[in-house]
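Inspection log for the structure reproduced underneath, given as structure tokens.
Heavy-atom basis, side chains included; hydrogens, waters and symmetry copies ignored.
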Amino acid sequence: MTSPNSTLWMGNIEKWMNHVYLYNLLKSANIYPNKIIIKNYKSKRGCAFLEFFSPEMAKSVLTEHNNKIVNGVKLQFNWVHSLEQRSNLSKITKFTVRKFFYFFK
């Protein structure tokens, strides 16, 4: 799947995973995220939104790191779709983060 944007949703975020950990995890593969927003819940796991400098960088993370196990945690990534793209999606879930609306399949 291709996407015109450069933002990924990351699931399965443990409470001990912070911005620095996620940045260093991707930096080790020479991938540098532009912005990381972590959304923790009262439950055990949360999610994060990772914005990259280019769609190619995001696609690289999706293909190389999706379902990879790191420190006993299975990393999960998916494309994030903007509010303008939601009309093209059949089934969507809405997240509100810092006044931005993110939709993903």
4.5 Å side-chain heavy-atom contact, Phe49 and Lys35: no
Nearest-0.5 Å distance that lies between atom NZ in Lys59 and atom OG1 in Thr63: 7.5 Å
Shortest non-hydrogen contact between Phe77 and Leu62, atoms and distance: O-CD1, 3.5 Å
Path from Met17 to Val20 over hydrophobic side-chain contacts below 4.5 Å: no
Side chain to side chain contact (heavy atoms under 4.5 Å, CB included) between Ile37 and Leu50, worked out: CA-CA 7 Å; Ile37 300 170; Leu50 305 163; over 6 Å; no
Donor-acceptor under 3.5 Å (Ser60 side chain, Glu56 main chain): no
Side chain to side chain contact (heavy atoms under 4.5 Å, CB included) assessment of Leu8 paired with Val61: CA-CA 9 Å; Leu8 293 176; Val61 170; 3.8 Å; yes
Heavy-atom pair of closest approach, residues Ser6 and Pro55: CB-N, 3.6 Å
Polar side-chain atom of Asn71 near backbone of Val73 as donor-acceptor pair, under 3.5 Å: no
Evaluation steps, side chain to side chain contact (heavy atoms under 4.5 Å, CB included), between Tyr21 and Val70: CA-CA 12 Å; Tyr21 176 81; Val70 177; 3.4 Å; yes
Trp9 backbone acceptor or donor facing Asn78 side chain under 3.5 Å: no
Flag side-chain contact, heavy atom, 4.5 Å: His65 against Leu25: no
Ring geometry between Tyr32 and Tyr23 (parallel below 30°, tilted from 30 to 60°, perpendicular above 60°): tilted
Residue pair Leu26, Phe52: steps toward the side chain to side chain contact (heavy atoms under 4.5 Å, CB included) verdict: CA-CA 11 Å; Leu26 297 172; Phe52 296 92; 4.0 Å; yes
ILVMFWY cluster, Ile36 and Trp16 together (side-chain gap under 4.5 Å): yes
Nearest heavy atoms of Ala48 and Leu22, plus distance in Å: CB-CD1, 4.1 Å
Polar contact flag, side-chain donor to acceptor under 3.5 angstrom, Asn12-Gln76: no
Spatial distance of atom CD1 (Ile38) from atom CG (Asn18) [nearest 0.5 Å]: 6.0 Å
